[in-house]
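The structure appears right after this line, and notes come after that.
Below, read A as the first sequence line, B as the second, and so on, with proteins coming before strands; counting in each chain starts at 1. Just so it is clear, the values below take in all heavy atoms, side chains as well, and ignore hydrogens, waters and symmetry mates.
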Number of protein chains: 2
Amino acid sequence: MRQESKKKATIYDLSVLSGCSASTVSAVLNGTWQKRRIKESTAELIRGLAEKHQYTANLQARGLRSSRSGLVGLLLPVHDNRYFSSMAQTFEAYVRARGQCPIVVSACRDPQEERQTVETLISYSIDELFVAGATDPDGVHAVCEAAGLKHINIDLPGTKTHSVISDNYEGGRLLTEAIIRHCDGDRPLQPEELYLFGGRNDHASRERIRGFREVKREIFGADPEECIQPTGYSPAMTQKAFETFYAREGRLPRAFFINSSINFEGLLRFLGQHPHETFADIVVGCYDYDPFGSFLPFPVIMIRQDVESMIAKAFEIIDQGRSPPQLHLIRPELVPPRTALMGPLDALKDID
Amino acid sequence: MRQESKKKATIYDLSVLSGCSASTVSAVLNGTWQKRRIKESTAELIRGLAEKHQYTANLQARGLRSSRSGLVGLLLPVHDNRYFSSMAQTFEAYVRARGQCPIVVSACRDPQEERQTVETLISYSIDELFVAGATDPDGVHAVCEAAGLKHINIDLPGTKTHSVISDNYEGGRLLTEAIIRHCDGDRPLQPEELYLFGGRNDHASRERIRGFREVKREIFGADPEECIQPTGYSPAMTQKAFETFYAREGRLPRAFFINSSINFEGLLRFLGQHPHETFADIVVGCYDYDPFGSFLPFPVIMIRQDVESMIAKAFEIIDQGRSPPQLHLIRPELVPPRTALMGPLDALKDID
DNA sequence: ATTAATTGCACCATCGATTGTGCAAAAAGA
DNA sequence: TCTTTTTGCACAATCGATGGTGCAATTAAT
């Protein structure tokens with residue numbers, strides 16, 4: 001019994017059809033009918049009509065009335081990146097499981113854009129917001145706070161609300177140690193042969209750099225300043241840093257730590273411009289995991305941030321209401337070269 | 001003048017504060033005030049108050065009244081993939097530029113989930129829907145049609161509404177030719193040495209396979225049936241296909257065409273289980289572009305689908321209203337091995 | 001000085017669902 | 001049989017913004 005018109009059925013339509021009041025229809029269809037002591041037979045009748053006329057609730061109306069929307073937001077810096085896109089994938093699954101609607105938006109690492117995007121989401125009365133990798137988490141916090149919106153930081157911490165982040169210091173140490181260990185077979189690595197590229201002045205980069213430097217000091221007893229090359233989070237700038245180094249030294253560093261897969265793309269651009277010999281014997285560590293990155297022609301040790309656990313933890317925290325802001329560290333995983341891990345997509349069935 | 005309470009200011013609050021009626025406030029703040037002949041000075045007053053009290057419209061209320069929401073949807077199969085995530089990135093930029101709010105959701109290649117997700121989006125009165133890579137575009141169409149929702153297919157075509165897709169036949173030919181050409185330096189390739197892995201019975205796969213087979217027939221005069229190995233779109237199944245082949249033949253095919261980057265991940269999993277010699281001299285073509293994939297230790301020729309043009313075309317079509325359903329082909333680009341292309345992220349400024 | 005035209009805004013119904021309240025009819029108890 | 005309790009539902013206000021309509025007050029035209 002397909003609705004021939006384009007107009008969707010409302011509770012009023014069903015109210016007329018059933019001879020009941022709109023409030024009764026509403027109660028039946030939103031599950032509160034027992035509380036309202038609606039007869040089973042009435043409920044049955046209305047449910048039948050709803051089915052027949054393909055009724056679905058207008059969620060804007062519901063949201064307006066109840067000032068909740070069933071929408072849960074995830075604010076990302078960018079989509080086009082395996083780390084964040086797998087976060088989106090995992091996030092969606094969690095939100096769906098709770099019967100809500102995930103809404104994922106990116107704000108381009110622009111503090112202004114971040115705040116404005118959140119304002120927009122708030123205007124749609126989203127119920128909760130997950131703020132991932134925000135450039136200015138506390139700015140976002142202020143906006144959420146003013147609107148009474150529950151929110152939580154992921155990946156980059158803020159000071160005003162809970163944050164679930166990768167244990168960047170530990171991860172930085174792990175990765176640095178692994179790089180050094182990997183070079184052990186050959187001529188022992190010298191402190192000035194191990195560089196770090198990428199990142200900026202954010203919490204994650206700082207912690208990773210701290211881990212990197214401490215391990216270098218512990219193992220080498222030295223940690224030359226010039227080995228740290230922060231380039232922001234752009235492929236273009238990272239490429240430039242490699243080009244500059246190469247122009248000066250005539251080669252790449254023997255080993256280096258790259259702060260993220262986005263910076264790693266800068267290395268790729270460099271590689272595309274230079275012959276194979278240029279990087280025949282480098283060892284690379286990357287703080288991010290990308291399956292393709294793991295199989296490059298030189299050893300690439302990667303860190304996989306545990307997105308699944310981070311999202312799980314974040315939901316756990318946001319569900320249990322207010323408590324003083326706290327930092328939750330999730331231990332990342334070291335991924336040896338040439339490793340193809342399973343991802344969120346493996347949870348999907350593939351039909352044919 | 002920060003609002004101390006958690007409640008957001010409404011037009012009624014401003015109406016009281018300004019001494020004007022709510023409708024006047026509304027008109028001033030939504031830009032229709034000239035049409036309503038509101039005095040400039042009144043408008044000024046109200047705008048000042050709005051600013052002062054940080055008024056932002058409740059978009060659910062607006063949407064309810066006007067039965068439009070300012071939301072534009074993009075339905076993806078999955079997030080966690082460079083092709084679709086760059087599509088999301090580009091889509092967002094376009095929607096933002098029109099002053100609307102992008103909402104990106106994935107439906108896991110499940111026809112049922114696709115329809116249900118769209119139902120949900122419709123309940124939020126989204127204004128338009130872009131359906132990318134849908135398993136069942138015509139099923140989605142039916143749902144949209146019933147709700148009078150403008151929509152368009154991307155990547156996989158439907159028969160009931162406009163579709164903007166990659167020219168898969170041409171792309172398939174391009175890639176196949178490139179693979180064969182690449183092998184020319186060595187001993188000439190034989191028809192039974194060139195395989196195709198991945199894909200399923202969807203339009204894109206069929207067209208790519210058609211291109212592949214035609215080129216093989218043109219060049220080799222032969223096109224053995226067993227060289228086509230559709231495995232669906234899952235890394236796990238693709239890996240299994242490679243393992244099976246390897247178990248039987250003791251090696252990988254000399255050259256092969258992989259239907260998508262997701263299938264390519266299946267190859268990675270295979271590679272992770274086998275020593276380097278196993279794939280010392282293979283040549284791979286992949287119908288998708290991933291910057292890391294381009295730099296693997298064997299030649300990887302890739303096809304980059306022109307996401308930017310596809311999205312642009314889709315917006316163009318959806319803006320110009322109804323017309324008989326048509327298929328719009330966008331020519332993809334052949335990417336030689338070891339190439340790092342720019343992506344949507346390069347449009348972002350990187351601040352520090 | 002009238003009448004006509006224009007300006008400037010208020011009033012009110014409306015979008016679709018939710019929810020507190022009230023009240024008849026039916027059932028139970030005395 | 002008459003009260004008390006329970007059952008089953010209707011009524012109406014409300015969420016916040018929009019837009020058609022109407023009506024004073026002001027300005028212009030005659």
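- Note on Y12(A): every side-chain N or O is 4.0 Å or more away from OP1 and OP2 of dT14(C).
- Nucleic acid contact class of S26(B) (heavy atoms, under 4.0 Å, all strands): base.
- When the options T90(A), I154(A), I330(A), D155(A) are evaluated for a side chain to side chain contact (heavy atoms under 4.5 Å, CB included) with V307(A), the one that passes is T90(A).
- A donor-acceptor contact under 3.5 Å is not formed by the side chain of T10(A) with the base of dC15(C).
- Contact check on R98(B) versus E128(B) returns a salt bridge, with a Lys/Arg side-chain nitrogen under 4.0 Å from an Asp/Glu carboxylate oxygen.
- Nearest to the side chain of R62(A), among dA10(D), dT18(D), dA17(C), sits dA17(C).
- Atom CG of L29(B) and atom P of dG19(D) are 14 Å apart (whole Å).
- Regarding L64(B), its CG atom lies at a distance of 4 Å from the C1' atom of dC15(C), rounded to whole Å.
- Per the geometry, CD1 belonging to I11(A) stands 7 Å off P belonging to dT18(C), to the nearest Å.
- The aromatic rings of H151(B) and H141(B) are tilted relative to each other, their planes meeting at an angle between 30° and 60°.
- The side chain of R37(A) lies closest to dG8(D), out of dG16(C), dT18(C), dG8(D).
- For E51(A), the CD atom sits in a loose shell: 12 or fewer heavy atoms of surrounding residues, nucleotides or ligands are nearer than 6.0 Å.
- Taking every side-chain heavy atom of N30(A) into account, dT18(C) is the closest of dT18(C), dA10(C), dA10(D).
- Checked by distance alone, S23(B) brings a side-chain donor or acceptor within 3.5 Å of a matching partner on the base of dC11(C).
- Minimum atom distance to the side chain of R36(A) is reached by dT21(C), of the listed dA17(D), dT21(C), dC12(C).
- One interatomic measurement links the two molecules: CZ of R65(B) to C1' of dA17(C), which rounds to 16 Å at whole-angstrom precision.
- Side-chain nitrogen and oxygen atoms of T24(B) include at least one within less than 4.0 Å of the OP1 or OP2 phosphate oxygen of dA10(C).
- One can place CZ of R68(B) at 14 Å from C1' of dA17(D), the figure rounded to the nearest angstrom.
- When rounded to the nearest whole Å, the span between CG of L59(A) and P of dG16(D) equals 18 Å.
- Residue D13(A) contributes atom CG, which lies 15 Å from atom P of dT14(C) at whole-angstrom precision.
- For DNA chain C, the neighbouring residues in residues 38-47 of chain B, judged by any heavy atom under 4.0 Å, are I38(B), K39(B), T42(B).
- Between Y124(A) and Y124(B), a ring centre-to-centre spacing not shorter than 6.0 Å is recorded.
- dT18(D) atom C1' lies 18 Å from atom CH2 of W33(B), rounded to whole Å.
- F315(B) and Y94(B) have parallel rings, their planes meeting at less than 30° on a 0 to 90° scale where 60° marks the start of perpendicular.
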Go through the steps to decide whether V104(B) and L76(B) satisfy the test side chain to side chain contact (heavy atoms under 4.5 Å, CB included), and finish with yes or no.
-> CA-CA 7 Å; V104(B) 181; L76(B) 294 178; 3.7 Å; yes

